[in-house]
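Written out below as structure tokens is the structure these notes cover.
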Amino acid sequence: MSKLADAMAKGIKLSPSAKPKDFSDRLVHTGGSLHTDHLPPKAKYFGQILYDVNKHYYLTDGKTIVSAIFAGANPLNNLRLQQTYIEVVRCLDAQCEDHSLIADD
């Protein structure tokens, strides 16, 4: 992730990495929902952003750390086959209606 953060801070476009192999035919069914998912304090739903990134970042000693906190869940409750759990996007307008994908899982 440090390579991604450095590239974002410097405005460098990274080449997309190779798509992961499709292992969906090897998945083991867990038999239904797990009962280990609990919302963090103050969260109203999974995926909710609890602490968003800053609007501006500045390089300090050649490094910038970008962080956000969101309400996550146990991925075994929703395997999201051939989908993603998280995407990092750069907003290209004030409302973020136009954005570009920087990275995903």
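Predicted, not measured: the structure shown is a model, and the values here were computed from it. Keep in mind that the numbers below use all heavy atoms, side chains included, and drop hydrogens, waters and symmetry copies.
Expressed to the nearest 0.5 Å, how far CZ of Arg90 lies from SG of Cys96 amounts to 11.0 Å. Atom CD1 of Ile102 and atom CD of Glu87 lie 11.0 Å apart (nearest 0.5 Å).
Qualifying side chain to side chain contact (heavy atoms under 4.5 Å, CB included) partners for Ile49, counting only residues two or more places apart in sequence or in other chains: Asp52. Listed by chain and number, the residues in a side chain to side chain contact (heavy atoms under 4.5 Å, CB included) with Tyr45 are Gln48 (sequence neighbours excluded).
Using modelled atom types, no side-chain atom of Asp98 and backbone atom of Asp93 make a donor-acceptor pair closer than 3.5 Å.
In terms of heavy-atom proximity, Leu39 sits nearest to Ala71 at CD2-CB, 4.4 Å. The heavy-atom pair separating Val66 from Val53 by the smallest distance is CG1-CG1, 3.7 Å.
Side-chain contact check for Val89 versus Ser100: every heavy-atom pair is 4.5 Å or farther apart.
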